[in-house]
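Structure, as structure tokens:
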2 protein chains.
Amino acid sequence: MIRKSKQKEAIFKVLKGATSHPTAEWVYEQVRQEIPNISLGTVYRGLKLLKRNGEILELGFAGTQSRFDGKAENHYHFRCLKCNHIFDVEGPVDKKINERLAQKIGFTVFEHRLEFHGLCKDCQP
Amino acid sequence: MIRKSKQKEAIFKVLKGATSHPTAEWVYEQVRQEIPNISLGTVYRGLKLLKRNGEILELGFAGTQSRFDGKAENHYHFRCLKCNHIFDVEGPVDKKINERLAQKIGFTVFEHRLEFHGLCKDCQP
DNA sequence: TTAGGTGCAAAACCTTTGCCATCCC
DNA sequence: GGGATGGCAAAGGTTTTGCACCTAA
């Protein structure tokens with residue numbers, strides 16, 4: 001069972017109030033202003049709990065290894081959350097959404113990456 | 001200028017022939033069968049060169065730090081390749097594509113992540 | 001000849017974990 | 001009391017780098 005603590009609450013508060021997408025290190029620095037002797041390990045543990053609870057998102061898959069793909073053209077992927085295999089998703093890449101976004105926000109958009117998450121055929125529950 | 005070498009060729013060949021999406025470690029093991037005394041560092045350097053040359057893709061953003069997001073609901077992101085800032089992309093998340101993919105390949109699809117890459121307003125060339 | 005590449009090992013970096021004291025329920 | 005938590009520091013895993021020696025152009 002997950003128990004409340006001022007550390008976890010502080011971590012959550014910092015994350016909620018952030019407009020950036022902070023790293024664990026940055027969260028640590030912020031929370032330290034309120035709880036000066038909190039440790040980085042606690043921040044990581046707190047973030048993991050909050051993530052598991054569905055209260056925050058973790059972007060990307062840092063901490064896991066990089067995967068490489070011999071195909072250079074953009075294509076989409078499916079990652080099995082159980083066996084961690086990555087499958088290519090067939091089908092056309094929609095290049096128009098880059099342009100659409102560029103027009104909307106005025107940034108230069110080179111590409112996009114789309115990754116599906118779920119359970120592959122061998123890992124069905 | 002980039003010079004040819006049997007190491008880089010072997011790395012590229014392994015990656016081209018792989019149906020999986022290998023890790024650097026796996027590539028290393030494979031290439032070692034051909035060049036037994038190749039080092040892991042060389043594999044990393046070779047992969048980086050191939051990536052920079054646009055000949056292969058790197059999946060995910062491992063090696064960089066995790067970023068966290070106080071918003072729990074799925075939404076899309078834009079990552080500036082120069083300043084490395086991450087921006088939220090407004091607009092609806094298309095949940096139907098999960099279903100469509102699930103029907104097509106018979107996997108269970110929980111979610112998808114979409115990330116745009118480019119240059120933000122402050123980093124325009 | 002010489003800038004780029006390689007092997008090796010050490011360093012760097014991010015994240016997780018073990019241990020023990022502490023705090024709630 | 002006893003399981004959950006936290007601080008600290010050490011360990012772990014992946015990736016990068018320094019250095020001296022090669023090698024392709």
Side-chain angles (χ1 to χ4, degrees), chain A residues 1-15 18 20-53 55-69 79 81 83-86, chain B residues 1-15 18 20-53 55-69 79 81 84 86:
Chain A
M1 164 223 165
I2 294 181
R3 202 182 284 174
K4 269 213 267 190
S5 74
K6 69 173 183 196
Q7 285 86 347
K8 276 192 293 244
E9 274 164 24
I11 292 169
F12 190 49
K13 202 176 65 190
V14 163
L15 220 42
S20 64
H21 294 75
T23 62
E25 188 72 32
W26 188 89
V27 172
Y28 172 57
E29 293 302 334
Q30 297 309 114
V31 174
R32 219 137 68 116
Q33 295 176 14
E34 194 175 325
I35 309 172
N37 67 331
I38 195 174
S39 76
L40 186 55
T42 298
V43 172
Y44 273 106
R45 277 190 280 232
L47 289 170
K48 200 193 274 185
L49 280 177
L50 287 168
K51 190 177 76 172
R52 192 175 309 153
N53 245 31
E55 303 187 62
I56 64 172
L57 286 182
E58 182 173 5
L59 274 46
F61 278 82
T64 64
Q65 297 164 277
S66 265
R67 306 294 201 100
F68 296 89
D69 195 319
R79 183 188 298 258
L81 297 176
C83 68
N84 212 30
H85 268 53
I86 297 176
Chain B
M1 168 220 164
I2 294 179
R3 202 186 285 176
K4 268 214 269 192
S5 74
K6 67 175 182 193
Q7 285 86 345
K8 277 193 294 239
E9 273 163 27
I11 292 168
F12 190 49
K13 202 176 64 189
V14 162
L15 220 42
S20 64
H21 295 75
T23 62
E25 188 70 33
W26 188 90
V27 173
Y28 172 58
E29 293 302 334
Q30 298 306 114
V31 175
R32 221 139 64 118
Q33 295 176 15
E34 194 175 326
I35 309 173
N37 67 330
I38 195 175
S39 75
L40 186 54
T42 298
V43 172
Y44 274 106
R45 279 188 282 230
L47 290 170
K48 200 193 274 184
L49 280 177
L50 288 168
K51 190 177 77 172
R52 192 174 308 152
N53 246 32
E55 302 187 63
I56 64 172
L57 287 180
E58 182 172 5
L59 275 45
F61 277 84
T64 65
Q65 296 164 275
S66 264
R67 305 294 200 102
F68 297 89
D69 196 320
R79 183 187 297 257
L81 297 176
N84 213 29
I86 297 176

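Protein chains get the first letters and strands the later ones, always in sequence-line order, with residue 1 at the start of each. Just the heavy atoms: all of them, side chains too, but no hydrogens, waters or symmetry mates, feed the values below.
Residue Lys6(B) contributes atom NZ, which lies 10 Å from atom P of dT6(C) at whole-angstrom precision. What separates CG of Leu50(A) from C1' of dG6(D) is a distance of 15 Å, to the nearest Å. The OH-P distance, from Tyr44(B) to dT6(C), rounds to 16 Å in whole Å. Look at CD on Glu9(A): it is 10 Å from P on dG6(D), rounded to the nearest Å. The distance between atom CD1 of Ile35(B) and atom P of dC8(C), rounded to the nearest whole Å, is 12 Å. Remark: P of dA9(C) and CG of Asn37(B) are 12 Å apart, rounded to the nearest angstrom. Atom pair Tyr28(B):OH and dG13(D):P shows a separation of 16 Å (rounding to whole Å applied). Summarising the geometry, the separation between CD on Glu58(A) and C1' on dT16(C) is reported as 13 Å, rounded to the nearest angstrom.
Using a 4.0 Å cut-off between charged nitrogen and carboxylate oxygen, Glu29(B) and Arg32(B) count as a salt-bridge pair.
Residue Ser5(A) places no side-chain N or O under 4.0 Å from the OP1 or OP2 atom of dA4(D). Between Ser66(B) and the phosphate of dC14(C), there is no side-chain N or O to OP1/OP2 separation shorter than 4.0 Å.
Summary of helix geometry: the two end axes of the helix from dT1(C)-dA25(D) to dC25(C)-dG1(D), each defined by five base pairs via their C1' atoms, are inclined to each other by 30° (rounded to 10°).
Checking dT15(C), dA25(D), dG6(D) against every side-chain atom of Leu40(A), the shortest atom distance belongs to dT15(C).
Minimum heavy-atom separation, Glu25(A) to Leu40(A): OE1-CD2, 3.9 Å. Taking all atoms of both residues into account, the shortest heavy-atom contact from Arg67(A) to His21(B) is NH1-O, 2.9 Å. Scanning both residues, Tyr28(A) and Ile38(A), for their nearest heavy atoms gives CE1-O, 3.4 Å.
Taking 4.5 Å as the limit, some side-chain heavy atom of Ile2(B) sits within range of a side-chain heavy atom of Lys8(B).
Taking for each of Gln7(B) and Arg3(B) the nucleotide of DNA chain C with the nearest heavy atom, the 5'-most of the two is the partner of Arg3(B). Between Ser39(A) and Thr23(B), the one whose closest nucleotide on DNA chain D sits nearer the 5' end is Ser39(A). With DNA chain D read from its 5' end, the first of the two nearest nucleotides for Met1(B) and Glu25(B) is the one closest to Glu25(B).
Residue Arg45(B) places a side-chain atom within donor-acceptor reach of the base of dG7(C), judged by atom type and a 3.5 Å distance cut-off alone.
Between the CZ atom in Arg79(B) and the CG atom in Leu59(A) there is a gap of 7.0 Å [rounded to 0.5 Å].
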Just list the side-chain donor-acceptor pairs under 3.5 Å for residues 41-51 of chain A, sequence neighbours left out, or say none.
unit_1: Thr42(A); atom_1: OG1; unit_2: Ser39(A); atom_2: OG; d: 3.1
unit_1: Lys51(A); atom_1: NZ; unit_2: Glu58(A); atom_2: OE1; d: 2.3

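Heavy atoms of Lys8(B) sit under 4.0 angstrom from primed sugar atoms or phosphate atoms, though from no base atom.
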